[in-house]
Amino acid sequence: MRFVDLFSGAGLFSCGFVQQGFSPILAVDLSGDAIASYQRNVAPVGRCGSVSDLERLPECEVLIAGPPCQGFSTLGRRDPLDERNALAFEVVRLAATNPPDVVVIENVPPFLRSAAWLQIRNGLIALGYDVVPWELDASDYGTPQYRRRSFTIASRVGTPEIPKPASAMVPARTVLSRPVDPDDALHRWPAPTPLAEGRMRLIPTGGDKRDLMRAAPDLCPPSWRQVGCQATDVWGRIDPDKPANTLRCAFQNPSKGRYIHPTANRVISLREGARLQGVPDAWHFVGRNYPVARQIGNGVPVPLAKAVAGSIRQLLVNNVDAAA
Ligand SMILES: C[S@@+](CC[C@H](N)C(=O)[O-])C[C@H]1O[C@@H](n2cnc3c(N)ncnc32)[C@H](O)[C@@H]1O
């Protein structure tokens, strides 16, 4: 069962498909670092360049794609004219050149409620696909992180079953309390300034900037007290007994979310971030700190990708059995 990955990033989505026995034959991404990581960890089939420059889809059973989500994300401006939204249409254009059995498009949940999604769905229906949308949370599929994602499944071989959730949630401590190899080059984080470290010392487990404002107003900038600056998760310390909050690309910046280590006065390392995304410790990411954090924070959590890939595999197997 061959697959192509468009907007592959470092290949977290691909990894779930490989774990279910699929073979990647092509992965395309604009980022050289991400493609170098893909080559190293997934398979040497990466191509650095724009999906828009790909003329034809090679013969494959499954096409997977995670087009940029900034234009649809609730964190962005959700501008329907954002040109990054147009990249999602490339998936339909390429599917039309050599239609695979199944197309899977991953994105943020608001994508499903966008005008672009309706157009993409209609385009896929016109190619002969049945289209179903799924909204799944990675924490229901064995990932130690809450992360909701949408999957648009277009199939010409029947409707896949929505993957069954795991029996229990996995708390962050499962991966964050496991020792990291001291030689692991990814176990790195930006050293906090004395002010940042002083703030972190006062933030309890599960706490955040509001605890700091109560305990030490002198350590807080005046802007935190201004009305309209009510983001609660920032300068948050991860609660090890729950799945972590959604990891974003800036997960090594404490002012961007709940990224302080459960017990140490620092943000989580790149390796710890990768673990919260379900990435095996054998993986190494290529690039400097922020490009690596982007590859990790942009990815589909591997256990969620694996659960989706399992449903697609079952569909293809059932289809072969029915044909025999
Ligand atoms: C959401 S990330 C994909 C993450 C990936 N599915 C994973 O699980 O690791 C989107 C990717 O699209 C890439 N990208 C943006 N514009 C592109 C283009 N025109 N052609 C190819 N890749 C592009 C970015 O470099 C980024 O890696």
Side-chain angles (χ1 to χ4, degrees), residues 3-20 22 24 26-43 45-55 57 62-76 82-94 103-111 116 136 138 141 143 145 147-152 246-251 270 273-280 283-287 290-309 312:
F3 74 98
V4 169
D5 189 349
L6 302 178
F7 312 99
S8 65
L12 279 68
F13 200 12
S14 275
C15 181
F17 277 76
V18 171
Q19 289 182 354
Q20 290 286 6
F22 288 85
L26 174 66
V28 184
D29 199 282
L30 212 45
S31 155
D33 282 341
I35 285 296
S37 298
Y38 194 102
Q39 305 276 86
R40 184 172 181 151
N41 301 308
V42 185
V45 298
R47 190 185 300 176
C48 182
S50 177
V51 164
S52 307
D53 295 335
L54 191 63
E55 278 176 19
L57 192 68
V62 179
L63 170 61
I64 67 175
C69 59
Q70 289 89 341
F72 305 110
S73 167
T74 47
L75 287 180
D82 190 319
E83 62 188 27
R84 287 169 298 195
N85 294 356
L87 287 170
F89 296 109
E90 294 293 312
V91 183
V92 185
R93 176 183 69 78
L94 284 162
V103 180
V104 184
I105 306 174
E106 177 269 345
N107 215 286
V108 291
F111 172 60
L136 307 175
Y141 296 92
T143 310
Q145 183 195 163
R147 192 181 186 96
R148 281 193 87 69
R149 281 298 181 263
S150 76
F151 295 87
T152 300
T246 304
L247 215 69
R248 306 195 193 282
C249 297
F251 72 82
L270 295 170
R275 285 183 176 181
L276 291 173
Q277 285 277 62
V279 173
W283 275 43
H284 184 77
F285 291 86
V286 178
Y290 188 65
V292 168
R294 275 178 63 113
Q295 292 168 48
I296 296 168
N298 260 336
V300 182
V302 175
L304 176 60
K306 185 179 178 189
V308 170
I312 306 303

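Numbers here simply count residues along the sequence, with the first being 1. Order of appearance sets the numbers: ligands from 1, and atoms from 1 within every ligand.
- With a 4.5 Å cut-off on side-chain heavy atoms, Tyr141 and Val308 do not count as touching.
- Atom-to-atom distance recorded for Asn41:CG and Phe285:CZ is 6.5 Å, nearest 0.5 angstrom.
- Side-chain contact between Ser14 and Phe3: present, with at least one pair of heavy atoms (C-beta onward) separated by less than 4.5 Å.
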Item to check | Chi angles and distances behind the side chain to side chain contact (heavy atoms under 4.5 Å, CB included) call for Val62, Phe17 | outcome: CA-CA 10 Å; Val62 179; Phe17 277 76; 4.1 Å; yes
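- Contact annotation: the side chain of Phe251 never approaches that of Leu276 to less than 4.5 Å [non-hydrogen atoms, C-beta and beyond].
- Here the CG atom belonging to Leu6 is positioned 5.0 Å from the CG atom belonging to Leu63, to the nearest 0.5 angstrom.
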Starting from the N and O atoms of ligand 1, collect every protein N/O partner closer than 3.5 Å and put each pair on its own line with the distance to 0.1 Å.
{"unit_1": "ligand 1", "atom_1": "8 (O)", "unit_2": "Phe13", "atom_2": "N", "d": "3.0"}
{"unit_1": "ligand 1", "atom_1": "8 (O)", "unit_2": "Val300", "atom_2": "N", "d": "3.0"}
{"unit_1": "ligand 1", "atom_1": "9 (O)", "unit_2": "Ser8", "atom_2": "O", "d": "3.3"}
{"unit_1": "ligand 1", "atom_1": "9 (O)", "unit_2": "Leu12", "atom_2": "N", "d": "3.2"}
{"unit_1": "ligand 1", "atom_1": "19 (N)", "unit_2": "Ser50", "atom_2": "OG", "d": "3.1"}
{"unit_1": "ligand 1", "atom_1": "20 (N)", "unit_2": "Val51", "atom_2": "N", "d": "2.9"}
{"unit_1": "ligand 1", "atom_1": "22 (N)", "unit_2": "Leu30", "atom_2": "N", "d": "3.2"}
{"unit_1": "ligand 1", "atom_1": "25 (O)", "unit_2": "Asp29", "atom_2": "OD1", "d": "2.7"}
{"unit_1": "ligand 1", "atom_1": "27 (O)", "unit_2": "Asp29", "atom_2": "OD1", "d": "3.3"}
{"unit_1": "ligand 1", "atom_1": "27 (O)", "unit_2": "Asp29", "atom_2": "OD2", "d": "2.7"}

